[in-house]
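Side chains included, hydrogens not; waters and symmetry mates left out as well; all remaining heavy atoms used.
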Amino acid sequence: MLEVKNLKKSFGNKKVLKGISFNVSKGDVIGIIGPSGCGKSTLLRCLNLLEIPTSGTIIFEGKKMNYYHNLPATRQKIGMVFQSFNLFNNMTVLENIILAPTKLDLLTKEEATKKANEFLKKINLLDKKDSYPDELSGGEKQRIAIVRALLMEPELMLFDEPTSALDPEMIGEVTDLMREIALGGMTMIVVSHEMNFIKNFTTKVIFMDDGKIIEENTPEELFNNPKDKRLKEFLSKVNEN
């Protein structure tokens, strides 16, 4: 489904991604871990073309991505959930969810509203449809952001630290929904420090450091039998916390 070849990204003289290559098959749930500042979020933003790579190739569903043309169509197929929710505070929950598919003429307002209500009912937030984002908890906001992305019916979902802005008791609300989406067959790439989710619900884990992929393996092998010294150090610090 997705093939990334020697992807590089620089901001001025700062090299953030230094030749990233990996493959994603349909139905995969890829976890990306690593220390802060290693390039994880920049990688996701490049995959969704929110950042234009400096060099390298992204092949999605057999076609090479064009970094300068037809961006809305690409982003329609590759949904993204951010750590800061990115909801519009002047719109209700329902208005936030149906905005993109109706603006892009993917669904009529009636169709979008029906689907949005079905999703909200499924996550027990239908009673919040007329509320505004500042009336919601962090966990509720993030679940709304995920539903908003799902309403676009993407082929691939990207999650950039979706629980980092949440209080500990709200993290479970979001990871439970992510787990349900994964079990439903959605292809996902998840950048997260939630190691329980990464260990238990991913098909492959990638460890990044200093803009490079240091090691990738199954969750069981990567966590129980790490090969690289830097990965061993990272996991030991994570386990201490």
Review point. Hey, does Asp130 have a side-chain heavy atom less than 4.5 Å from the side chain of Val93?
Key: no
Review point. So, do Leu2 and Asp28 sit near enough that their side-chain heavy atoms are less than 4.5 Å apart?
Key: no
Check your understanding: Hey, mind stepping through Lys77 and Glu61 against salt bridge (charged side-chain N to carboxylate O under 4.0 Å, His left out) and telling me if it holds?
Key -> CA-CA 10 Å; Lys77 291 186 175 183; Glu61 295 187 326; 3.5 Å; yes
Check your understanding: How long is the gap from CG on Leu231 to CD1 on Ile214, to the nearest 0.5 Å?
Key -> 9.0 Å
Exercise for review: Compare every heavy atom of Pro162 with every heavy atom of Gln142, then report the nearest pair and how far apart it is.
Suggested key: NE2-O, 2.8 Å
Practice item. Locate the shortest heavy-atom distance separating Ile20 from Gly211; write the atom from each residue and the value. Key: CD1-O, 3.4 Å
Revision key, fill the gap. Nearest heavy-atom contact between Ala149 and Val81 is CB-CG2, 4.2 Å
Report all side-chain donor-acceptor pairs from residues 46-60 shorter than 3.5 Å, counting only partners two or more places apart or in another chain.
residue, atom, partner, partner atom, Å
Thr54, OG1, Ser10, N, 2.8

Review point. At what distance, to the nearest 0.5 angstrom, does CD1 of Ile213 lie from CG of Asp209?
Key: 12.0 Å
Practice item. Using the rule that two of Ile, Leu, Val, Met, Phe, Trp, Tyr join whenever any of their side-chain heavy atoms come within less than 4.5 Å, decide whether Phe223 and Val238 are in one cluster. Key: yes
Review point. Could you walk me through whether Leu43 and Lys9 pass the side chain to side chain contact (heavy atoms under 4.5 Å, CB included) check?
Key: CA-CA 8 Å; Leu43 172 59; Lys9 177 64 180 178; over 6 Å; no
Practice item. Work out which heavy atom in Leu151 is nearest to a heavy atom in Ala116; give both atom names and the distance. Key: CD1-N, 3.8 Å
Study note, to complete from the structure: side-chain hydrogen bond (donor to acceptor under 3.5 Å, both in side chains) pairs touching residues 144-155, sequence neighbours excluded, are Lys115-Glu153
Review point. Are a donor atom and an acceptor atom from the side chains of Asp160 and Ser41 found within less than 3.5 Å of each other?
Key: yes
**Study point:** Spacing of CG belonging to Asn200 relative to OG1 belonging to Thr175, to within rounding of 0.5 Å
**Key:** 10.5 Å
Practice item. Please name the pair of heavy atoms, one in Asn96 and one in Met91, separated by the smallest distance, quoted to 0.1 Å. Key: ND2-O, 3.2 Å
**Study point:** Verdict with supporting geometry, Thr202 and Val190, side chain to side chain contact (heavy atoms under 4.5 Å, CB included)
**Key:** CA-CA 9 Å; Thr202 60; Val190 182; 5.6 Å; no
Check your understanding: Cluster question for you: counting only ILVMFWY and a side-chain heavy-atom cut-off of under 4.5 Å, with indirect links fine, are Tyr132 and Ile98 together?
Key -> no
Exercise for review: In plain terms, say whether Lys18 and Asp210 are close enough for a salt bridge, that is, a side-chain N and a carboxylate O under 4.0 Å apart.
Suggested key: yes
Check your understanding: Any side-chain heavy-atom pair from Ile97 and Leu120 closer than 4.5 angstrom?
Key -> yes
Review point. Should Leu125 and Ile144 count as side-chain neighbours, where that means a heavy-atom distance under 4.5 Å?
Key: yes
Exercise for review: Using a strict cut-off of less than 4.0 Å between a Lys/Arg side-chain nitrogen and an Asp/Glu carboxylate oxygen, indicate whether Lys128 and Glu135 qualify as a salt bridge.
Suggested key: no
Check your understanding: Shared ILVMFWY cluster between Leu99 and Ile146, side chains joined below 4.5 angstrom?
Key -> no
Point to revise | Carboxylate-amine/guanidinium contact Lys227 Glu221, below 4.0 Å | key: yes
Check your understanding: Is there a donor-acceptor pair closer than 3.5 Å between any side-chain N or O of Gln83 and the backbone N or O of Ser164?
Key -> no
Exercise for review: Apply side chain to side chain contact (heavy atoms under 4.5 Å, CB included) to Met208 and Ile32, showing your working.
Suggested key: CA-CA 7 Å; Met208 286 181 62; Ile32 302 180; 3.9 Å; yes
Point to revise | CG-CG distance between Leu235 and Leu222, expressed to the nearest 0.5 angstrom | key: 6.5 Å
Practice item. State, yes or no, whether a side-chain contact exists between Val205 and Pro219 at a heavy-atom distance under 4.5 Å. Key: yes
Review point. Do Ile123 and Met157 belong together in a cluster built from hydrophobic side chains that touch within less than 4.5 Å?
Key: yes
Review point. If you round to the nearest 0.5 Å, how far is CD1 of Ile171 from NE2 of His193?
Key: 11.5 Å
Review point. Quick one: are Met178 and Phe159 in side-chain contact, heavy atoms under 4.5 Å?
Key: yes
Exercise for review: Mind listing the closest non-hydrogen atom pair of Pro35 and Phe207 along with its distance?
Suggested key: CD-CE1, 4.0 Å
**Study point:** Flag side-chain contact, heavy atom, 4.5 Å: Ile198 against Ser192
**Key:** yes
Check your understanding: Got a salt bridge between Glu3 and Lys5, using NZ or NE/NH1/NH2 to carboxylate O under 4.0 Å?
Key -> yes
Check your understanding: Is there side-chain contact between Val29 and Met186, with heavy atoms separated by less than 4.5 Å?
Key -> no
Check your understanding: Can you tell me how far the OG atom of Ser131 sits from the NZ atom of Lys141, to the nearest 0.5 Å?
Key -> 12.0 Å
Point to revise | Evaluation steps, side chain to side chain contact (heavy atoms under 4.5 Å, CB included), between Glu194 and Phe201 | key: CA-CA 11 Å; Glu194 287 302 313; Phe201 298 105; over 6 Å; no
Point to revise | Summary of salt bridge (charged side-chain N to carboxylate O under 4.0 Å, His left out) pairs that have at least one residue in residues 88-114, sequence neighbours excluded | key: none
